[in-house]
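One structure is given below, encoded as structure tokens.
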Amino acid sequence: MPAATKRAELLDVHDREWRKLSALLQAVPEDLAEAKDADETCIKDILTHRSHWIGLFFQWLDEGDAAQMPDHRVKWNALKPYNASLRERYAHVPFAEAREWLAKEALRLRDWIAAQDEATLYGGPMPGGTGWTRGRYAEAAGPSHFRSAAKYVRARLKAVG
């Protein structure tokens, strides 16, 4: 799916992917949400991960040219151990709280997108970034993550019948 290049497209993809994920999460019982798969990951972990990354997007915006992507003292080539550390950091978060956190962050991101003009979203690279626009980073933090989370949830639901 090509990335959005306009505010209206970004809002549309955000809303569409969020609705799909939200609907899927309604069908997830708590025991399945916290059951680890073969890779020691669970649905709840996916939700806290997505919430954290939306928070990183806002951190990057706040830091501007001084942003340290993806996070302070973390390089892009170290994402696997970084993401593993997030599972440990948020292991105590119950499924209901993880769902609530993600819903809050999804709304925060949507509200931010809706408040921006085309120039802010797509008029040039995001300060401190790697060349992508703010809109492209917003899509990666939200809709793209919602899509991959939904894929994971569907697979877990299918696996348990």
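Throughout, numbering of the chain's residues begins at 1 and tracks the sequence. Note that this is a predicted model, so its numbers are computed, not measured.
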For residues [X] and [Y], determine if any side-chain heavy atom of one lies less than 4.5 Å from a side-chain heavy atom of the other.
X	Y	answer
D45	K36	yes
T48	R89	no
H49	R87	no
Y82	K75	no
T133	P125	no
H72	E63	yes
R50	I46	yes
R16	V13	yes

Nearest-0.5 Å distance, [atom1] of residue [X] to [atom2] of residue [Y]:
X	Y	atom1	atom2	value
L109	L102	CG	CG	10.5 Å
Q116	R7	CD	CZ	9.0 Å
L61	L56	CG	CG	11.0 Å
S144	H14	OG	NE2	11.0 Å
F146	S22	CZ	OG	8.0 Å
E88	E40	CD	CD	11.0 Å

Identify the heavy atoms of [X] and [Y] that sit nearest to each other, and give their distance.
X	Y	value
W112	A138	CZ3-CB, 4.2 Å
I54	A106	CD1-N, 4.1 Å
A98	K44	CB-CG, 3.8 Å
W132	A140	CZ3-CB, 3.7 Å
T41	R156	O-NH1, 3.5 Å

Check the side chains of T5 and E9 for a donor-acceptor pair under 3.5 angstrom, ignoring hydrogens and angles.
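E9 vs T5: donor-acceptor pair found between side chains.
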For a quick check under 3.5 Å, do D71 and W53 share a side-chain donor-acceptor pair by atom type?
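The answer is no; no qualifying pair exists.
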Does the salt bridge (Lys or Arg N to Asp or Glu O under 4.0 Å) test come out yes or no for R110 and D15, once each step is laid out?
CA-CA 8 Å; R110 193 207 190 281; D15 293 348; 2.7 Å; yes
Give a yes or no answer on whether the side chain of [X] reaches the backbone of [Y] with a donor-acceptor pair at less than 3.5 Å.
X	Y	value
S51	L47	yes
R136	A3	no
W60	D65	no
E118	K6	no

Are L24 and L107 connected, step by step, through hydrophobic side chains (Ile, Leu, Val, Met, Phe, Trp, Tyr) whose heavy atoms are closer than 4.5 Å?
no
Between R99 and Q26, does the side-chain contact (heavy atoms from CB on, under 4.5 Å) criterion hold? Intermediate values first, please.
CA-CA 10 Å; R99 281 179 51 183; Q26 297 300 317; 3.1 Å; yes
side-chain contact (heavy atoms from CB on, under 4.5 Å) between Y137 and L121, intermediate numbers included
CA-CA 9 Å; Y137 275 108; L121 290 170; over 6 Å; no
By the definition ring-ring contact (aromatic ring centres under 6.0 Å, His included), identify the one residue from F57, W101, Y90, F58 that meets it with H52.
Y90
Using the rule given for side-chain contact (heavy atoms from CB on, under 4.5 Å), can you reason through W76 versus M69, listing the C-alpha separation, both sets of side-chain angles and the distance that settles it, and then say yes or no?
CA-CA 7 Å; W76 286 109; M69 293 184 176; 3.6 Å; yes
Are any of the side-chain nitrogens in E17 or R147 under 4.0 Å away from the carboxylate oxygens of its partner?
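A salt bridge is present here (some side-chain N lies under 4.0 Å from a carboxylate O).
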